[in-house]
Each structure stands twice: as structure tokens, then as C-alpha cells.
Protein chains: 4
Amino acid sequence: MGVKGMSSPGQVDSLVTDSKLIEERRGQILRAAVKLFSQQGYYTTTIAQIAREAGVSIGLIYQYFGDKDDILLLSLKLVLETYEHEIPLRLEGVKHPVERLCMAIWAYCAIVDRLREATVLAYRSTNSLRADRRSLIKDEEIRSNRLLEDCLRTCIEGGYMREVNQYLLVYQYVMFCHAWALKNWAFQGKLSPSEYVSEGLKLLVEPFLTAKGKAALSTMRRNTGNFKHDKRPTARAKTK
Amino acid sequence: MGVKGMSSPGQVDSLVTDSKLIEERRGQILRAAVKLFSQQGYYTTTIAQIAREAGVSIGLIYQYFGDKDDILLLSLKLVLETYEHEIPLRLEGVKHPVERLCMAIWAYCAIVDRLREATVLAYRSTNSLRADRRSLIKDEEIRSNRLLEDCLRTCIEGGYMREVNQYLLVYQYVMFCHAWALKNWAFQGKLSPSEYVSEGLKLLVEPFLTAKGKAALSTMRRNTGNFKHDKRPTARAKTK
Amino acid sequence: MGVKGMSSPGQVDSLVTDSKLIEERRGQILRAAVKLFSQQGYYTTTIAQIAREAGVSIGLIYQYFGDKDDILLLSLKLVLETYEHEIPLRLEGVKHPVERLCMAIWAYCAIVDRLREATVLAYRSTNSLRADRRSLIKDEEIRSNRLLEDCLRTCIEGGYMREVNQYLLVYQYVMFCHAWALKNWAFQGKLSPSEYVSEGLKLLVEPFLTAKGKAALSTMRRNTGNFKHDKRPTARAKTK
Amino acid sequence: MGVKGMSSPGQVDSLVTDSKLIEERRGQILRAAVKLFSQQGYYTTTIAQIAREAGVSIGLIYQYFGDKDDILLLSLKLVLETYEHEIPLRLEGVKHPVERLCMAIWAYCAIVDRLREATVLAYRSTNSLRADRRSLIKDEEIRSNRLLEDCLRTCIEGGYMREVNQYLLVYQYVMFCHAWALKNWAFQGKLSPSEYVSEGLKLLVEPFLTAKGKAALSTMRRNTGNFKHDKRPTARAKTK
DNA sequence: AATGAATGAGTGTTCATTCAT
DNA sequence: TATGAATGAACACTCATTCAT
């Protein structure tokens with residue numbers, strides 16, 4: 001019985017009530033879980049491993065999570081919420097629509113880079129969730145896509161970009177960002193993260209900019225010196 | 001123990017020798033495996049389920065495959081080999097570089113559509129393979145990417161497309177095709193496969209065409225009536 | 001994988017740590033294992049049977065032992081260690097070299113009699129161990145042989161026995177003791193354990209005693225009334 | 001069904017009738033079985049391995065033997081029959097009772113040496129037989145023991161040896177011979193086979209010889225030059 | 001007579017989950 | 001709250017045995 005029967009999807013309750021402790025413990029356990037799930041996958045990670053990594057007992061885990069599936073659900077939510085939280089943070093103060101779009105893509109890629117394994121985890125393991133919970137994750141993804149969607153729409157509505165199939169293009173943006181994690185083995189050593197992004201923008205943003213948009217972009221570049229430089233050494237991929 | 005990189009059963013004792021039968025049985029079992037792995041994932045599919053689905057006994061599976069990992073490896077290879085085989089088939093007789101590129105993307109998407117679940121499987125389960133076998137799958141993927149790469153290069157070298165970061169654009173094409181499977185829940189009911197492709201081409205091919213390339217494209221369209229129509233009913237996604 | 005030479009479970013995850021409990025459980029399980037292995041042999045004994053006999057669950061066994069091979073190894077060690085422990089106990093306080101030798105053989109036989117099935121087990125199943133572990137058992141056997149060797153050497157060096165091929169004679173003693181278990185079907189009902197031993201001493205000790213040794217022996221007999229009597233009813237085997 | 005139900009213990013019938021072929025095939029399969037059982041033990045040897053070693057198909061084995069247990073039974077019989085056949089052969093023409101006894105022990109050891117692994121097999125695997133068949137093997141062993149028993153009795157009755165516990169001494173002889181196989185790891189490199197035997201005779205025969213027996217022995221030695229020399233290089237074990 | 005592909009019951013082992021302390 | 005020993009259902013894999021050819 002216990003937690004299982006009561007928990008409605010997404011509303012996973014724990015047996016512990018002190019809400020501060022709850023958050024702390026859950027975070028502690030989820031960080032361990034995300035790390036291990038990312039490295040080894042869901043099925044090959046055992047509860048005992050998570051307990052050890054988190055520095056708690058096996059039994060404790062079941063006081064904060066209903067079952068293993070629950071841990072996965074919340075692990076994936078944790079990752080997706082990071083996107084939703086961090087992208088807006090990086091957009092703060094950025095006014096120009098084109099700049100906002102580019103910055104959003106850049107920010108997305110930066111987070112993907114930081115959470116590379118966790119991003120792969122989301123692709124691998126969403127289907128390991130029970131069906132009802134899977135859609136919760138989909139909703140979460142739709143929400144984070146909306147961030148890019150809004151930036152793109154603003155650009156088009158402001159006349160900075162020509163009319164395109166927004167819906168599809170947003171997904172291209174999303175796939176582009178995810179690809180940095182999914183196909184990292186193919187890019188690693190050929191492109192630095194910032195090269196990846198700036199080259200990507202040339203393919204997925206620039207071609208759709210109107211004259212007005214292009215003007216804005218060049219002003220932007222003159223002022224901001226493009227993107228922050230990343231440390232990683234890299235061999236520039238040949239354009240030709 | 002199991003035989004290292006390849007597909008042979010580890011159990012040396014009762015190997016089946018009739019090579020015609022081998023192909024037949026392996027195909028029979030792999031088809032069942034791909035289906036189940038695709039639907040339920042690798043770890044949640046049991047050997048007993050595969051056996052039942054394939055209409056053979058549990059023991060028989062071990063006369064044609066070394067272990068479960070082996071079945072996964074060959075399942076994934078089967079899917080990837082389909083790409084490598086079928087794309088060239090559809091390109092036969094297509095001469096014009098731009099047309100070849102478009103056709104390659106179209107063909108890739110068509111196969112992804114047909115093998116939608118299997119394509120998702122490849123994303124989910126490649127990491128479930130033992131490390132040494134994983135790289136075999138990566139090689140296979142690189143080989144099928146090359147098909148698109150060649151089409152793209154020919155377009156650029158022929159002056160039909162302007163110079164772009166080929167390496168990145170090819171991956172964008174690949175992600176575009178895979179996205180039809182990976183994000184199908186987002187496209188299903190909004191775009192038919194052929195709409196998906198033709199809209200995609202507008203985003204990922206057209207912007208880079210030179211005047212010469214555009215001319216070719218419009219000629220092509222006039223002659224071929226765009227792409228074959230697919231049966232699936234669909235609500236057209238609003239571009240605006 | 002399993003830990004190499006020693007006794008620890010290969011499954012590192014859920015190790016039991018309370019050392020008192022460990023001893024208790026291991027003993028509990030090993031007693032069951034020795035009993036079943038002895039009765040039915042290693043391969044025909046299942047883990048489930050051991051669990052049932054020990055009154056624990058199947059899973060618990062794997063928290064105290066790495067694998068089935070591990071259980072066998074420790075079962076055999078348990079038996080051999082009994083020899084090493086108990087023979088010296090029975091020799092305590094026995095001073096005269098000839099008496100010590102006879103007592104050692106008697107004690108050895110007594111233990112073999114008590115652990116009859118386990119002794120047979122050692123013969124049957126040592127070869128079922130993995131090669132690296134097999135030599136651990138051989139070492140253990142050499143150690144217990146040394147007990148007899150020491151007694152014999154002291155007799156010879158003290159002039160109680162004439163010079164003989166010690167090495168070979170010790171093995172005759174060992175085989176004699178083991179034979180009580182190995183060939184029990186041939187002795188059962190013909191000889192009681194103590195008759196077996198006293199008749200054996202006439203064949204394997206007395207003939208090599210010097211005059212000095214014989215004198216000692218007869219004194220001994222007069223004082224101690226030969227060996228303790230065993231309860232088992234027996235039909236005296238005809239010497240003639 | 002089939003062979004199983006009909007075959008009474010020891011009377012294992014096969015489905016094939018041409019008796020010459022039967023003997024040939026059975027021999028072929030049994031030789032393979034003895035080899036593999038000896039090397040790897042009964043349970044770890046598979047029917048498929050026996051088939052491959054014998055150069056026949058799996059199915060064929062079941063036309064000559066009822067089941068795996070059957071193969072073991074006949075394998076063990078084959079080994080024991082070798083004893084019964086070969087010892088008398090080597091005694092032919094040997095007249096003197098003491099010489100006959102020594103020769104019998106020597107012959108027994110020589111066969112054990114040749115069938116070392118098979119002898120160990122008999123110890124390990126007799127208990128793997130079904131109970132009813134086990135006693136068949138015991139009978140066989142009793143029969144071969146009788147050979148030594150007869151030699152010993154004749155010595156005693158002829159006044160060449162003093163009265164001893166015949167029954168026990170015969171078993172000591174048997175154990176001595178078997179020990180060459182069972183404890184070979186302890187003797188190998190320390191004693192050659194003939195040294196083993198001649199040293200053994202000093203411990204197990206000479207002490208019981210009467211003056212008449214000793215005289216006979218010394219005559220014998222003068223004439224025959226002790227035993228045949230064996231090729232194996234050996235480090236003589238120190239008597240002292 | 002001979003084959004070897006096919007079977008499936010049976011085994012060792014794992015691991016999510018529980019619960020007494 | 002927190003622990004971790006205990007459970008046992010579930011799974012991958014093996015191999016003696018059968019039987020169509």
C-alpha cells in the first residue's frame with residue numbers, strides 16, 4: 001500500500017511531512033539519481049546505488065518516493081525544469097527580438113552542454129515511464145519549447161524574420177540544441193560549444209532574417225562581440 | 001562468454017549450421033525483437049516474449065544469438081541497414097543534384113516513418129549495448145549519414161547551393177528526419193509525412209539554394225508534381 | 001564478478017555489515033549447504049533447496065555468499081577446518097609420542113565418522129570448484145596432514161618407530177581415515193568405528209614400532225583400556 | 001517411452017540391433033564420455049560435447065544409451081572392467097603367492113596410473129548415479145577387490161604372511177592404489193610410479209611377511225630385478 | 001541408421017520493495 | 001526519522017531429450 005496507491009501522477013507525495021526536510025532529502029536523492037541514471041541508464045541503476053551515491057539508506061528513499069518509476073519521473077522533471085528556469089534567466093534584460101532568439105538558443109545549448117548526460121537520459125528514459133506519467137514529461141517539454149516559440153514569433157511579428165513554418169522551425173531549434181548532447185560524439189573535438197551555436201545560427205536563423213533583421217544582427221555583433229568564449233580547445237570544422 | 005564483436009552465439013555446443021535456415025530464423029526472431037523492443041524498450045522485453053512473438057521456443061533463440069545483448073545489437077543493425085539499403089534505391093535514376101538531395105531527405109523520412117518505433121529504439125537503446133558494440137552502431141550511423149553528405153556536397157560543388165557548414169547541415173538533416181519519429185507525438189495530426197518533408201525542405205534546403213539551384217527546383221516541381229501523396233488524412237498546420 | 005580467492009559476495013550493492021550477524025547467517029547457510037551437498041552432491045543441490053533447508057530466503061543467500069561456487073568453497077573449508085581444529089584438541093595433554101600418533105589417527109577417524117558425508121563431499125566436489133579455489137582446498141588438506149606428519153616424525157625421532165618412508169606412510173594414515181567415510185558401505189555392520197581404528201593401528205602403526213615403542217604401547221593399553229567404546233552395535237569382522 | 005522404461009539396471013538396451021555395430025558405437029561414445037567426464041566431471045559435460053568428441057550426432061547417442069545417467073553407468077563399468085581384465089592378465093604365469101600379491105598391487109597401480117582421471121571420476125561420480133545403479137558399481141568394485149583378496153589369502157594360507165585382518169588390509173591395498181590417482185598432486189614429482197609401488201610394498205606387504213615369505217621375496221628380487229622401470233623422471237622422496 | 005534443429009522445464013542470480021527495530 | 005536485513009517474483013540462460021527428415 002503505502003505511497004503507491006495514493007499518488008496521482010505528478011503529485012507524488014512522501015511519508016515525510018516537514019516540508020523543508022522533504023525538499024532537502026528529495027534534492028539529495030534526485031541529484032544522485034540523475035547522475036546515475038545519466039551515466040548508466042534507468043534499468044541498470046539500482047536503488048541501492050542511488051542510496052549509496054546519495055549517502056542515505058535504501059529504506060529512506062522509499063519515504064520520499066513512491067517507487068523507482070517515481071524517482072525517474074522526478075529526475076526527468078528536474079532536468080526539464082532547469083531548462084524552463086535558466087533560459088528565462090539568461091534572457092533577462094535582452095530586448096531585441098532577434099537577440100532574444102539567438103540568446104535563447106545559445107542558452108538552451110549551454111544548459112544542454114552542462115546537463116549533457118541528463119539530456120540524453122530524457123531521450124532514453126521517457127519511454128521507461130508508465131504511460132500516464134510520460135505525458136507529464138511531454139507537457140513539460142512543450143512548456144520549454146514555448147520559450148523558443150515566443151522568441152521566434154516575436155521576431156516574425158516584428159518583421160525581423162520572414163514568415164516561416166514556425167511550428168516546424170521551433171522543433172528544428174530544439175533538435176539542434178538537443179543534438180549537441182545526442183550526437184556529441186560526432187561534434188566533440190570538431191566544434192566548441194560556441195562554434196556549434198554560432199554556426200547553427202547561420203543555418204537556422206540568419207537565412208530567415210529580413211533586411212531589418214539582418215541589420216539588427218550586425219549591430220548586435222558589433223556591440224557584443226558575438227558570444228562568450230568557451231574554454232574547450234577545438235579544431236574548427238571546415239565549412240567548405 | 002559470447003563472441004565478441006559479432007553476432008554468433010556464444011554457446012558453441014549446438015550451433016545451427018544450415019545457412020539458409022540461419023537467415024530465416026534470425027530474421028524471424030529479429031523482427032519479433034525489433035517490434036517488442038520498439039514498443040516496450042530493451043529491458044522490459046523478455047526473451048520469453050520475443051520467443052512467443054516469433055513463434056519459437058526460448059531455447060531456439062539461443063541457437064541463433066549469443067545473448068540478449070546480441071539480439072539488440074542485430075536489431076539495431078537491421079534498422080540502420082535498412083536506411084543504407086533503401087535510400088540509395090530511391091535515388092536510382094534521380095540525376096539532378098538538388099533533386100537527389102531532396103529525394104534523399106524524403107526517402108530518409110519515409111523510412112523513418114515506416115520504422116518509426118525502431119528509430120526511436122535506436123535512440124533509446126544504443127546505450128544499453130555493451131561499450132564495444134556501441135561503436136559498431138555508431139559506425140553504421142556514420143555510414144548512413146554519408147549518403148546525405150554526398151548529396152549535399154554535390155549540390156554545393158555544382159553551384160546549386162551556396163557554401164555552408166556542410167558537416168553541421170547534414171546533422172540538421174539527420175535530426176530533421178529522426179525528429180519525425182522522436183517527436184511524432186508533436187507532429188501527428190498536424191502534418192502529414194509529405195507535408196512534414198516539404199515544409200522541412202523549405203527550412204533546410206531552399207534557403208541555401210543559389211539562383212541556379214532555385215531554377216532547378218522549380219523545374220523539378222513543375223515536372224514531378226512535388227512528392228508522392230501519402231494517404232494519411234491530416235490537418236494542415238498553420239504556417240502563420 | 002565475484003571476489004577472487006575469498007568468501008565475500010560479488011554483489012557489492014547490498015552487503016550485510018553487522019559482523020556478528022554475518023557469522024551467524026553464514027554458519028546457518030553453510031550447515032544447510034554441507035548437509036545437502038553431502039547428501040545429493042553439488043550440482044543436484046539447488047540454491048532454493050539450501051535456502052529452504054537453512055530457513056532463509058533465496059535472496060538472503062546472495063547477501064552472504066557471492067555465488068554457488070562460493071558456498072561450496074566455504075563448505076569444504078568448514079569441513080577441513082574442523083579437522084585442523086579438533087584433532088589438536090584431542091591431543092591436548094597426550095604426551096607420549098606413540099600415544100599421540102595413535103590418538104591423532106583415532107581422532108581423525110572420529111571426526112570423519114561424525115562428518116562422514118561431508119568427507120565424501122570433499123572427495124566428490126573439490127573438482128567442482130573453479131581452478132583457483134581448488135588449490136585453496138589443497139592447501140587446507142596439506143595443513144591437516146601436517147598434524148599426522150608431526151606425530152609420526154616425533155615417534156621416529158624418539159626411537160619409538162623404525163625409519164620408514166614418512167611421506168608415504170602419512171598418506172596411508174590419511175587414506176585409512178578417509179576410507180572410513182569413502183568405503184563406509186563396505187565396513188558398516190562389519191566393524192565398529194573403534195574396531196576399525198584399533199585394527200588399523202595393528203596394520204599401520206604396530207609393525208613399525210621398535211621394541212621401545214611396543215613397550216610404550218602395551219603400557220598405554222594397560223592404563224587407558226584401549227579406546228573409548230562407541231555405542232554402535234557391530235558384528236565383529238573375522239580376522240581369519 | 002523409448003529406452004528408458006524398459007532398461008533394467010545394468011541391462012541397458014539400445015534401439016540398434018546389429019550387435020557388432022552396437023559394440024563399436026558404444027565403445028566410440030563411451031571412450032569420448034570417459035575422457036570428458038574424467039576431465040570435467042559428469043555434470044559439466046554435455047551430451048553435445050560427448051557427441052562432438054565421439055564424432056557422432058547428438059541423436060545417435062540416444063540410440064545407444066537410454067539417458068545421460070546411462071552413459072555414466074557404462075563409463076564407470078568400462079573403467080572397473082579394465083581393472084578386472086588387466087590385473088589377471090599380468091598375473092598370468094606368476095606362481096609364487098608373494099610375487100602374485102606384489103604383482104597384483106603393481107598391476108593395479110599401473111592401471112590406475114594409466115586411467116588416472118577415470119579413477120578419480122569413479123570416486124567423484126558414483127554418487128551421481130541413480131541409487132539402483134550405484135550398487136551395480138559397488139558390486140563391480142567388490143569383484144575387483146576380490147582379486148587382491150585372493151592373492152592375500154593365498155599368502156597367508158601358504159604361511160608366507162602372518163595372520164592379519166585380511167579384510168581391512170585388502171582395503172588398505174585398494175586405497176593405496178587409488179591414492180596414486182586421488183592424491184596424485186601430492187606424489188607427482190616426488191615419486192615415480194614404481195617407486196611409489198616399491199615403497200608402498202615396504203609399508204603394506206613386507207611387515208607382514210613371515211621368515212618364509214621374506215626369503216621368497218629376496219629370491220624374487222634377485223631374479224626379477226624388482227619391477228619394470230618407468231620412464232618418468234622423478235625426484236626421490238627422502239625416507240628420513 | 002543417422003542427423004541436428006527444436007523444445008521448455010529448471011537453475012542461478014538480481015533487485016525493487018518491505019518492515020522490524 | 002532512519003536503517004538495512006530480508007524477501008521472492010522475475011529473468012536470462014542451459015541442456016537433456018525428442019522427433020521429423
Side-chain angles (χ1 to χ4, degrees), chain A residues 1-4 15-18 21 25 43-51 56-64 66-69 71, chain B residues 2 9-11 13-18 21-22 25 43-51 56-69 71, chain C residues 2 9-11 13-18 21-22 25 43-51 56-69 71, chain D residues 1-4 15-18 21 25 43-51 56-64 66-69 71:
Chain A
M1 310 295 109
V3 176
K4 196 88 128 292
L15 293 175
V16 183
T17 46
D18 177 346
L21 188 56
R25 287 290 194 213
Y43 286 104
T44 43
T45 298
T46 67
I47 296 289
Q49 285 173 338
I50 296 173
V56 299
S57 69
I58 291 174
L60 196 71
I61 290 182
Y62 284 88
Q63 291 190 313
Y64 291 95
D67 58 12
K68 199 186 173 190
D69 193 76
I71 303 176
Chain B
Q11 179 189 12
D13 265 0
S14 43
L15 255 184
V16 178
T17 47
D18 179 343
L21 187 57
I22 288 183
R25 287 287 190 222
Y43 286 105
T44 41
T45 299
T46 68
I47 296 289
Q49 285 174 333
I50 297 173
V56 299
S57 68
I58 290 174
L60 196 71
I61 291 183
Y62 288 90
Q63 290 191 323
Y64 293 93
F65 299 91
D67 57 13
K68 202 184 170 190
D69 193 77
I71 302 177
Chain C
Q11 176 190 14
D13 265 359
S14 44
L15 254 185
V16 178
T17 46
D18 179 344
L21 187 57
I22 289 183
R25 286 289 191 221
Y43 286 105
T44 42
T45 299
T46 68
I47 295 289
Q49 285 174 333
I50 296 174
V56 299
S57 68
I58 290 174
L60 195 72
I61 290 182
Y62 286 90
Q63 289 191 325
Y64 293 94
F65 299 92
D67 58 12
K68 201 185 171 191
D69 193 78
I71 302 177
Chain D
M1 303 283 107
V3 175
K4 196 86 131 293
L15 294 174
V16 183
T17 46
D18 177 344
L21 187 55
R25 287 290 195 213
Y43 285 104
T44 43
T45 298
T46 67
I47 296 288
Q49 285 174 336
I50 296 173
V56 301
S57 69
I58 291 174
L60 196 70
I61 289 183
Y62 284 87
Q63 291 190 314
Y64 291 95
D67 58 12
K68 200 186 172 190
D69 193 77
I71 303 177

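Remember, it's a predicted structure, so these values are computed and weren't measured experimentally. Below, chain A is the first sequence line, B the second, and so on; all start at residue 1.
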Hey, could you give me the CD1/CD1 distance between C:I61 and C:I50, rounded to the nearest 0.5 Å? 5.5 Å
Could you pull out all residues at least two apart from C:T46 that satisfy side chain to side chain contact (heavy atoms under 4.5 Å, CB included)? C:A48, C:Q49
How many angstroms lie between atom CD1 of D:I47 and atom CG of D:D67, to the nearest 0.5 angstrom? 8.5 Å
In chain order, what residues pass the side chain to side chain contact (heavy atoms under 4.5 Å, CB included) check against B:T44, with sequence neighbours excluded? A:Y43, B:Q40
Tabulate protein N/O versus nucleotide N/O from nucleotides 7-9 of chain F, keeping only pairs under 3.5 Å, one per line.
| residue | atom | partner | partner atom | Å |
| --- | --- | --- | --- | --- |
| F:dT7 | OP2 | C:S57 | N | 3.0 |
| F:dT7 | OP2 | C:S57 | OG | 3.0 |
| F:dG8 | N7 | C:G59 | N | 3.3 |

With sequence neighbours left out, the residues meeting side chain to side chain contact (heavy atoms under 4.5 Å, CB included) with B:I22 are B:V16, B:R26, B:Y64
Can you tell me how far CG of A:D69 sits from CD1 of A:I71, rounded to the nearest 0.5 angstrom? 9.5 Å
Gap between atoms CD1 and P, on A:I47 and F:dA2 respectively (whole Å): 17 Å
Mind calculating the distance between CG (D:D67) and C1' (F:dA16) to the nearest angstrom? 9 Å
Looking at every strand, decide which applies to A:T45 at a 4.0 Å heavy-atom threshold: base, sugar-phosphate, or nothing. sugar-phosphate
Take the protein atom CD1 of D:I50 and the nucleotide atom C1' of F:dA16, then report the distance between them rounded to whole Å. 11 Å
Interatomic distance, B:I71 CD1 vs F:dC13 P [rounded to whole Å]: 8 Å
Taking all non-hydrogen atoms of both residues into account, name the closest pair between A:K68 and A:T45 and its distance. NZ-O, 2.8 Å
Given Watson-Crick or G-U pairs with both distances under 3.5 Å, what dot-bracket string fits DNA chain E, with | for other-strand pairs and [ ] for crossing? .||||||||||||||||||||
Given atom OH of A:Y43 and atom P of E:dA16, what is their separation to the nearest angstrom? 11 Å
Taking only side-chain N and O atoms of C:Y62, does any of them lie within less than 4.0 angstrom of OP1 or OP2 on E:dT14? no
Which whole-number value in Å describes the distance from C:D69 CG to E:dT11 P? 18 Å
Does B:Y64 have a side-chain nitrogen or oxygen under 4.0 Å from the phosphate oxygens OP1 or OP2 of E:dA6? yes
Does B:A48 or C:L21 map to a spot on DNA chain F nearer the 5' end, using the closest nucleotide for each? C:L21
